Amino acid sequence: MLKYIVKRIFSLIPVLLGVAFIVFTLLYLTPGDPARIVLGEQATEEALAEFREKEGLNDPFLVQFGNYVWKAVTKGDIGRSYMTRRSVANEIMSAFPSTLKLALSCVIAAVLLGIPIGILSAIRQNTLFDNITRFLAIVGLSMPVFWQGVLLILLFSVKLRWFPASGFDTWATLVLPTLTLACNPLAVITRMTRSSMLEVVRQDYIRTARAKGQTEQIVIWRHALGNALIPIVTVIGLQFGSLLAGAVLTESIFSIPGVGRLMVDAIKMRDYPVVQGGVLFIAVAFSFVNLMVDLLYAWIDPRIRAQYR
Amino acid sequence: MSGNTAPRMKSEAGLLDIWRRLRKNPLAMFGLFIVVLLIFFAITADVIAPYKYYEQNLINSFQSPSKEHLFGTDEFGRDILSRIIHGSRISLQVGLIAVGISVIFGGFFGAVAGYYGGRIDNLIMRGMDILLSIPSILLAIAIAASLGPGLYNMMVAVGISTTPQYARIIRGSVLSLRGQEFVEAAKAVGSSDTRIIMKHILPNCLAPIIVQSTLGVASAILTAAGLSFIGLGIQPPTPEWGAMLSGGREYIRDYAYMTVFPGLAIMITILALNFLGDGLRDVLDPKLKR
């Protein structure tokens, strides 16, 4: 098992290097002179030249990329904001807890609702409940996150005044963003649970379990769900990753001081190091979540575990 | 959708059969109807829109929906219905061109990787894995931020960001077709690799490409609207649904209709494409049918 974990962690290295390369290249290709953006229109030629020399902007592309990676790995330094001149890494780390809190509350909500609804939908296949669930799931997938957020604000904070429309300090401020962002993963998890359960409940061992007189509860929750869980865990992992990305829009709607809003504000001010730093950070987080999911498989599924003894 | 499915689309009888089966699925037919309607709107926008989408009339600003302005007017007194009708042009254009970019690049890389295998396959697919490890909306944001705002840059950003998904699917199909007799036969008579891929292999993996593309247009439109919403996509005064929604947000307390209608337009379009895509998948990919 340990061998497997180590192997998987090492396989992340080329992926992360590749992501860093893409992000760095995009930043490099961005039109506009960084020296000019930082120092302003009035800066003298000498000041610009000095800035370029100091920041290594005159070095060849690959040297610059090498320095970028070296600094990122050794000092956790992924550049400075053009606007505030603060370290991008610091800005992201101070924003990340809010994003994580939002993503976690969404995953929890989506899992707690999605798995039971998916199971019910599968055991009552083709009933009214199943049809309504499937219809709502596809509607949930088609709702633009930003529109849903705006509508929820309209209903619950402008009209009904139940929940605040912005801020991120009390539990009440968490309700609307979670409702907004959890809808999509809820739909995906429900659909996956349903189809995975449908596949499993037709297997012989379920018939065996029923034949030996096991209660329906145990048949469904232990025998069936236990085996249907692998694809469900996969989607949950993937959804968690896309939640980190989806937070970009949700956070800017609800003024949540997270990584997504940091990036959107940076886009508006053309503060590209922050934008690219945010993309890099979320991609790294996404890769780690995927790694966790793979390790979780091995834990859930004895067949996979056995391969890596 | 798994990569190793390689259903066949045969001759015209096959197409007719597909149509017959698709017709039995009411949701898919509803989706198709909306999509056709949307294409009709896009083509005839100049004729059927009651007003010009850019026509400002400040005296008439912030009119609630009425007989003259079915969806009301915006802060410049522009007719929202006309802007939504014109917006269908932008959305369809973005959806189709972005997916076109993904299919062309994804198809090329996927086909080369699947056909030649070995080291080339490894190299291409590891590259795709790296792209896949960046969530597609973020990749689109990063690319759009580098290219700058604008319609064409946005299409490129959305198109590139979803390329790896197509490459994976096409590689899977090509891989399962590569060893079949008709490919060996083509090789035996001396066809070139390009000809084998273009003439013999790709037409046989059209089914998964069609399904993925239909669903892909939906997600491309959604991503593009999201980019416009945060100011990275289409700039005003172009009537793009995401940008209209974003613009209406400021006035949500008093003029909610300004955000409701563009959002509804996006949702109905996405819903229709998803219904159609799901229906096509049931018909074209028998292995996935449950």
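All of these numbers come straight from a predicted model, not from anything done at the bench. By convention in this document, chain letters (A, B, ...) are assigned in the order of the sequence lines, proteins followed by strands, and residues within each chain are numbered from 1.
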Supply the atom-to-atom distance Thr25(A) OG1 to Ile143(B) CD1, rounded to the nearest 0.5 angstrom. 11.0 Å
Hey, which of Phe135(A), Tyr28(A), Phe21(A), Phe146(A) has the most heavy atom pairs under 4.5 Å with chain B? Phe146(A)
Return the minimal non-hydrogen interatomic distance between Ile130(B) and Val19(A), and the atom names on each side. CG2-N, 3.5 Å
Between Ile137(B) and chain A, with a heavy-atom cut-off of 4.5 Å, which part of the residue counts as in contact: side chain, backbone, both or neither? side chain
Within 6.0 Å of CZ in Phe96(A), more than 12 heavy atoms from elsewhere: yes
Please state whether the side chain, the backbone, both or neither of Val275(A) comes within less than 4.5 Å of a heavy atom of chain B. side chain
Test item: Ile141(B) and Val248(A) side chains (from C-beta on) under 4.5 Å apart, heavy atoms: yes
What residue in Val15(A), Val139(A), Leu26(A) has the most heavy-atom pairs under 4.5 Å with chain B? Leu26(A)
Indicate the atoms forming the closest heavy-atom contact of Ile134(B) with Ala283(A), along with that distance. CG1-CB, 4.0 Å
When you look at CZ of Arg124(A), are more than 12 heavy atoms from neighbouring residues, nucleotides or ligands closer to it than 6.0 Å? no
Which atoms of Leu227(B) are under 4.5 Å from chain A, going by heavy atoms: the side chain, the backbone, both sets, or neither? neither
Bottom line for Ala218(B): the part with an atom under 4.5 Å from chain A's heavy atoms is neither
The interface call for Leu245(B) against chain A, heavy-atom contacts under 4.5 Å, is side chain
If you tally heavy-atom pairs under 4.5 Å between each of Gly226(B), Gly148(B), Ala144(B) and chain A, the highest tally belongs to Gly226(B)
Quick check: closest heavy atoms across Ser252(A) and Ile230(B), and the distance to 0.1 Å? OG-CG2, 4.3 Å
Heavy-atom nearest pair, Gln276(A) first then Ser146(B), reads NE2-OG, 3.5 Å
Exam field: side chain Trp147(A) to backbone Pro262(B), donor-acceptor pair closer than 3.5 Å: no
Is it the case that over 12 heavy atoms from other parts of the model lie below 6.0 angstrom from the OH atom of Tyr251(B)? yes
So what's closer than 4.5 Å to chain A heavy atoms on Ile268(B): side chain, backbone, both or neither? neither
Using a strict threshold of under 4.0 Å (side-chain N to carboxylate O), is an ion pair present between Asp278(B) and Arg134(A)? no
Smallest heavy-atom separation, Ser133(B) atom then Phe286(A) atom, equals O-CD2, 3.0 Å
Find out whether Ile253(A) and Phe229(B) are in side-chain contact, i.e. whether some heavy atom of one side chain is under 4.5 Å from a heavy atom of the other. yes
Would you mind telling me which of Asp129(B), Leu147(B), Ile266(B), Leu264(B) has the largest number of heavy-atom pairs within less than 4.5 Å of chain A? Leu264(B)
Nearest 0.5 angstrom please: Ser246(B) OG to Leu249(A) CG, how far? 10.0 Å
Pick from Ile221(B), Leu27(B), Leu222(B): which one has the most heavy-atom pairs with chain A under 4.5 Å? Leu222(B)
Roughly how far, to the nearest 0.5 Å, is CG of Asn274(B) from CD1 of Ile138(A)? 5.0 Å
Is Phe61(A) atom CZ crowded by more than 12 heavy atoms from other residues, nucleotides or ligands, each under 6.0 Å away? yes
Distance (rounded to the nearest 0.5 Å) between Thr259(B) OG1 and Leu151(A) CG: 6.5 Å
